[in-house]
Protein chains: 2
Amino acid sequence: MARTKDPAIRLRLIERAAQMLRAREPITLRSVVADTGLSTMAVYTYFGSMDGLWRAMRQEGFTRLAARLAAVAPSADPVRDLAALGAAYVSNALAHPDLYRVMFDSGFDLEDPAAADEGLLHFVRAVERAREAGRFPGGTDAPALATRTWIVGHGLASLTAAGPLPREALSAGPALLTAVFVDAGDDPVQCGRSVAEGWTL
Amino acid sequence: MARTKDPAIRLRLIERAAQMLRAREPITLRSVVADTGLSTMAVYTYFGSMDGLWRAMRQEGFTRLAARLAAVAPSADPVRDLAALGAAYVSNALAHPDLYRVMFDSGFDLEDPAAADEGLLHFVRAVERAREAGRFPGGTDAPALATRTWIVGHGLASLTAAGPLPREALSAGPALLTAVFVDAGDDPVQCGRSVAEGWTL
DNA sequence: TAATATAGCATAGCGATGCTATATTAATTC
DNA sequence: GAATTAATATAGCATCGCTATGCTATATTA
């Protein structure tokens, strides 16, 4: 047929763009391909448009987040794990604040929305394990409770990593998670211990 | 001296830009002044740069939000008022999702940051009234508790108005607020009533 | 009241942007 | 090894934000 696309080039462009984003350098059609030996057409071959490149970067952000959440090792205490997941979520946003901001820009259009759902799934599974362990006797279903945890994590991450709140505001994390989990039926004292144990930034 | 700036022109440009933002039309230097009888220089006279116009729009967003929160009439039940403030916050984001997104873009640089603080102050005062009413016997100080409420509100608003969550996710609002307020020491039953009463979208 | 100073305004143009049309190159298939 | 075809390189287009320049209108002053 003809010469084929090289996936490595695609990854190199995404990585380079992410690096420029971190360095707060302007990401333009010509600047991303500069010094790479590639021409501007590479962007259109691999991403269709400049918007496509941004979309791919968002995707990459969610993929990395999912990997970060997957690296949280489940323990015998599922509520501790939930707090650890929340901490990992916020920690990821703090480590890559600009990428985190881009992830939720432009109406959340991704190439593969399932990658974002996969991240939430880690929370859902932890909630289910907590329920099986009898920690959440309340009637709230697992996806709803996982979503509440996500809402808290996103609010905290968004306002501290890419917003007006100072880093000290991160101390609100354990308190908020404890409040949500106790509301779901967990014992206040035990919950406080579990959250404190899991929340490590 | 010379001819003077007309504040009305400034407002007209901001309003027009906000309208184009809502209509999802591209906001460019030339498009904002098109059909207004003004030249492109007007933007630089009144805002210094295109970035200045965006900054002014963010400011306008926070001003409208503050006005919206100020319109929440305090009642005899300060916890109800807190929920009402939260609902007003989310409701404002839902009514102007694009403006809300812009408000938290670009590193949160505003002309007058005090306008944003003023919005938070409504929450702080409501928390103080609740404390005086004996609803929050816990030791958490008012600003911290108000910030927690804001974090929850922003997480909910950000993910539903300008994010991936569907409108049904708004039902998490009362549950989250109740969890936070009960954690602060309020009676669960009374708190549930107050929040349900105040949370009107 | 008339001259002057000055701030706002309109115009034109610059460099840079995202994108596309066209020609060239290189890899695959027969 | 020729034909086919997709990826690449080049050049150019419309438009972007921005600024230099000259003009106009108003406020101050004599």
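To find a chain, count down the sequence lines: A is the first, B the second, and so on, and within it residues start at 1.
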Undergrad: Can you run through DNA chain D from 5' to 3' and write each base as (, ), [, ], | or . depending on how it pairs? Watson-Crick or G-U wobble, both distances under 3.5 Å.
TA: ||||||||||||||||||||||||||||||

Undergrad: Measure the distance from OH on B:Tyr44 to C1' on C:dC14 and round it to the nearest whole Å.
TA: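 After rounding, the reported distance stands at 13 Å.
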
Undergrad: Just the rounded figure in Å: distance from P of C:dG18 to CD1 of A:Ile27.
TA: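 Going from CD1 in A:Ile27 over to P in C:dG18 covers 10 Å.
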
Undergrad: Whole angstroms only, please: what is the CG-C1' distance between B:Leu38 and C:dC9?
TA: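 Nearest whole value for this atom pair: 10 Å.
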
Undergrad: Classify the angle between the aromatic ring planes of B:Phe181 and B:Phe136 as parallel (below 30°), tilted (30 to 60°) or perpendicular (above 60°).
TA: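 Tilted: the ring planes of B:Phe181 and B:Phe136 meet at 30° to 60°.
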
Undergrad: Would you please classify the geometry between the A:His154 ring and the A:Tyr100 ring as parallel, tilted or perpendicular, with 30° and 60° separating the classes?
TA: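 The arrangement is tilted - the two ring planes meet at 30° to 60°.
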
Undergrad: Are A:Asn92 and A:His96 packed together at the side-chain level, in the sense that at least one heavy-atom pair is separated by less than 4.5 angstrom?
TA: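 The answer is yes; the side chains approach within 4.5 Å.
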
Undergrad: Look at B:Arg68 together with B:Glu118 and state whether they make a salt bridge at an N to O cut-off of under 4.0 Å.
TA: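 No salt bridge links B:Arg68 with B:Glu118.
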
Undergrad: Specify the residues of residues 51-61 of chain A, ordered by number, for which at least one heavy atom lies under 4.0 angstrom from an atom of DNA chain D.
TA: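 Hits under 4.0 Å, by residue number: none.
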
Undergrad: Output the rounded distance in Å from CZ (B:Arg30) to P (C:dA16).
TA: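 The distance from CZ of B:Arg30 to P of C:dA16 comes to 16 Å, rounded to the nearest Å.
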
Undergrad: Rounded to whole Å, how long is the line connecting atom CG of A:Leu29 with atom P of C:dT20?
TA: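 After rounding, the gap between these two atoms is 11 Å.
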
Undergrad: Which pairs pass side chain to side chain donor-acceptor pair (under 3.5 Å) with one or both residues in residues 136-145 of chain A, sequence neighbours excluded?
TA: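 Found none.
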
Undergrad: Looking only at the side chain of A:Thr4 (C-beta and beyond, no hydrogens), which of the listed nucleotides D:dT8, C:dC9, C:dT28 gets closest?
TA: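 Selected nucleotide: C:dT28.
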
Undergrad: Please list all pairs meeting ring-ring contact (aromatic ring centres under 6.0 Å, His included) that have one or both residues in residues 43-87 of chain B, counting only residues at least two apart or in different chains.
TA: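 Sorted pair list: B:Phe62-B:Phe104, B:Phe62-B:Phe108.
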
Undergrad: Is any side-chain heavy atom of A:Asp105 closer than 4.5 Å to one of B:Asp105?
TA: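 They are in side-chain contact.
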
Undergrad: Does any pair with a residue in residues 34-61 of chain A pass salt bridge (charged side-chain N to carboxylate O under 4.0 Å, His left out), and if so which ones, sequence neighbours excluded?
TA: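 Salt bridge (charged side-chain N to carboxylate O under 4.0 Å, His left out) check on residues 34-61 of chain A returns A:Asp51-A:Arg55, A:Arg55-A:Asp109, A:Arg58-A:Asp109, A:Glu60-A:Arg64.
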
Undergrad: In this structure, how many angstroms lie between the P atom of C:dG8 and the CZ atom of B:Phe47, rounded?
TA: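 It is 13 Å, rounded to the nearest whole Å.
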
Undergrad: For A:Gly37, which contact category applies under a 4.0 Å heavy-atom criterion: base, sugar-phosphate, or nothing?
TA: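 If one applies the 4.0 Å heavy-atom cut-off, A:Gly37 turns out to touch the sugar-phosphate alone, with no base involved.
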
Undergrad: Ignoring backbone atoms, establish whether A:Tyr46 has a side-chain N or O less than 4.0 Å from OP1 or OP2 of D:dT8.
TA: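 For A:Tyr46, the contact criterion (side-chain N or O under 4.0 Å from OP1 or OP2 of D:dT8) is met.
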
Undergrad: Rounded to whole Å, please give me the gap between CG in B:Leu13 and C1' in C:dC9.
TA: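 Taking atom C1' of C:dC9 as the reference, CG of B:Leu13 is at 13 Å.
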
Undergrad: Give the rounded distance in Å between these two atoms: CE of A:Met50 and C1' of C:dC19.
TA: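 Rounded to the whole Å, the gap is 11 Å.
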
Undergrad: Reckon B:Thr45 touches a base, only the sugar-phosphate, or nothing at all at heavy-atom distances under 4.0 Å?
TA: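 Sugar-phosphate contact only.
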
Undergrad: Hey, does B:Thr28 reach any base, or is it just sugar-phosphate, or nothing, if we go heavy atoms under 4.0 Å?
TA: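 Sugar-phosphate: the residue B:Thr28, judged by heavy atoms under 4.0 Å, touches backbone atoms but no base.
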
Undergrad: When you measure from the side chain of B:Thr40, which nucleotide among C:dT20, C:dA12, C:dG18 comes out closest?
TA: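 Within the option list, the nearest is C:dA12.
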
Undergrad: Classify B:Met41 by what it touches in the nucleic acid, base, sugar-phosphate, or nothing, heavy-atom distance under 4.0 Å.
TA: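 The residue B:Met41 makes base contact.
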
Undergrad: Return each pair, listed once, that meets side chain to side chain donor-acceptor pair (under 3.5 Å) where at least one residue sits in residues 121-130 of chain A; pairs must be two or more places apart or across chains.
TA: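 Applying side chain to side chain donor-acceptor pair (under 3.5 Å) to every pair that reaches into residues 121-130 of chain A, excluding sequence neighbours, yields A:Asp81-A:Arg129.
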
Undergrad: Is any side-chain N of the basic residue among A:Asp77 and A:Arg135 closer than 4.0 Å to the acidic one's carboxylate O?
TA: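 Yes, A:Asp77 and A:Arg135 are salt-bridged.
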
